[in-house]
Amino acid sequence: MDLVIRGARVVDGTGGPSYTADVGIHEGRVAAIAGEGGGARIGGGRRTLDAHGLVLAPGFIDMHAHSDLALLRDPDHSAKAAQGVTLEVLGQDGLSYAPADDRTLTQVRAAIAGWNGTGEDIDFDWRTVGGYLDRLDAQGIAVNAAYLVPQGTVRAHVVGWDDRPATPAELDRMRALVAEGLAQGAVGMSSGLTYTPGMYASGAELSELCRVVARYGGYYCPHHRSYGRGALAAYAEMVELTREAGCALHLAHATMNFGENEGRAPELLALLDEALAGGADITLDSYPYTPGCTTLVALLPSWAGEGGPDAVLARLRDDAEAERIRYALEVEGADGCHGVPVDWSTIEIAGTTDPAHGAYVGTRLRDWESARRLLLADRLGPSILQHVGHEENVRAIMRHPVHTGGSDGILQGAKPHPRAYGTFPHYLGHYVRELGVLSLEECVAHLSGRPAARLRLPDRGLVRVGHRADLVLFDPLTVAAGSTYERPRAKPAGIPYVLIDGRFVMRDGRRTDVLAGRAVRRTPHGGR
């Protein structure tokens, strides 16, 4: 044995009862489990670790991550490694950096600078999904990464940033790009249906692309058309669309926000339960916080995004067009703001791409003119926290049996959402230990075994002989998110050890120099 972990309380990711055992690791996999749950004590290993008092669990899987450039920019990546995350799913919300040509890549970099930075420090030496995954492997990364083909990027590449139906030839080209990305290892396809240009796609267009996803055994992960006014209808659209396409559905950062939806999570869950009872393949993820986080430009009405980022800036400079945008935001309720008239007091600036505008960070916007000035000055780069969630909805959704954990963590900005650095220990410390919303065993299943099943990874997500030794050891009495709204990058407590492929990426609570992560590609057998 390369390593024997002695006397751990094993919470194996199935949701079943925990047990005390020794766990042996050899050549990157769990080689033996012995003790109360599995027979005699394991003999000596090349190394041993006394884990008495610690829980041994499968490494956590972040089902909704925005680390597409952070993994390349920051080899340390303690933001996720320190939480016990051993796998992230990238390419979220329909916008990422492959597949793309030079024109599309330039536009997408500008459109999501608030999520990932401008990328001026990155060598974009890929244009395909396979090329991006190869780049992750060649560089070496802190944690494993899977990728979703971003539907908005595909549409920008083929159709552009215009609000119009795709022609038959363009739809064929989009089908081909989605198929190519899946064949190169993507695990599914994402959409951002309140973000341009993905939101310009009709249900029929999305259904055609989902048929391709289904053919390759992937899943569709939509940020659907509304989390505010019309949220239930937006969820229902995704359920029906994927039912018709025969495609598995994973609902991104599933929640019910704004005043219209206070206390309405049971209505969403009833909708999902009915679909599940009818045989639908549905899962969802959520983060354990009430505020959302996105870019300021995302709140604008969809027509303001036509033509791409340069066209948006031109409209903002034009007083008449800016007044149209204001009216849509404040009076009508823009589709970018989920159909709800914006309440500027709920909008907190989390970051800017240019430090010269750092004085805005941590402040609430006063009105449209202050938002307009900042959008122009920072060239659409500001990220925001949007304080529009409801705690009772958060708790109800996380209890559902098809729930998984996803941080939706945006690492960019001077004052990011604390979920980026604290989602997984916050589940374990606050919602398990302090509130008892979930049992420890059930919560670990939500964060490991269940997401691995959605990703169709047959040798991950469980503490089981033969599975990859992607593991986390934490103290159930002290585990907690250190990150807060005031100190969003503070490290978590109570997670001393994290292993990927049997190698320590966290040891004694400190990040090692090990880069054990790899691109996890979808294959006919489900793993790399």
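- Ring centroid separation for the pair Y132 and Y147 comes in under the 6.0 Å cut-off.
- Open room surrounds CZ on R464; 12 or fewer heavy atoms of other groups in view lie less than 6.0 Å from it.
- A centroid separation of 6.0 Å or more is found between the aromatic rings of Y220 and H250.
- The side-chain tip of R419 does not point at the ring of Y289 from less than 6.0 angstrom away and within 45° of straight on.
- In this structure, R155 forms no cation-pi arrangement with Y200, as its terminal cationic atom is not both closer than 6.0 Å to the ring centre and no more than 45° off the ring axis.
- Taking the six-membered ring for Trp and the full ring otherwise, the centers of H417 and Y421 sit at least 6.0 Å from each other.
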Are K80 and D62 close enough, and set up right, to give a salt bridge (charged side-chain N to carboxylate O under 4.0 Å, His left out), and what steps lead you there?
-> CA-CA 9 Å; K80 295 300 177 66; D62 189 342; 2.9 Å; yes
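- Although no hydrogens or angles enter the test, the distance criterion places no donor-acceptor pair under 3.5 Å between the side chain of T404 and the main chain of R450.
- Salt-bridge formation is detected for the pair R454/D281: a Lys NZ or Arg NE/NH1/NH2 atom is positioned less than 4.0 Å from an Asp or Glu carboxylate oxygen.
- Here the two rings, on H446 and Y427, have centers that are 6.0 Å apart or farther.
- Across every non-hydrogen atom of A166 and M174, the tightest pair is CB-CE, 3.6 Å.
- R366 CZ: 12 or fewer foreign heavy atoms inside a 6.0 Å radius.
- Within the 4.5 Å cutoff, the side chain of Q92 has no heavy atoms near those of the S96 side chain.
- Counting heavy atoms of neighbouring residues, nucleotides and ligands inside a 6.0 Å radius, atom CZ of R487 does not exceed 12 of them.
- Taking the charged nitrogens against the carboxylate oxygens, E441 and R9 do have a contact shorter than 4.0 Å, which makes a salt bridge.
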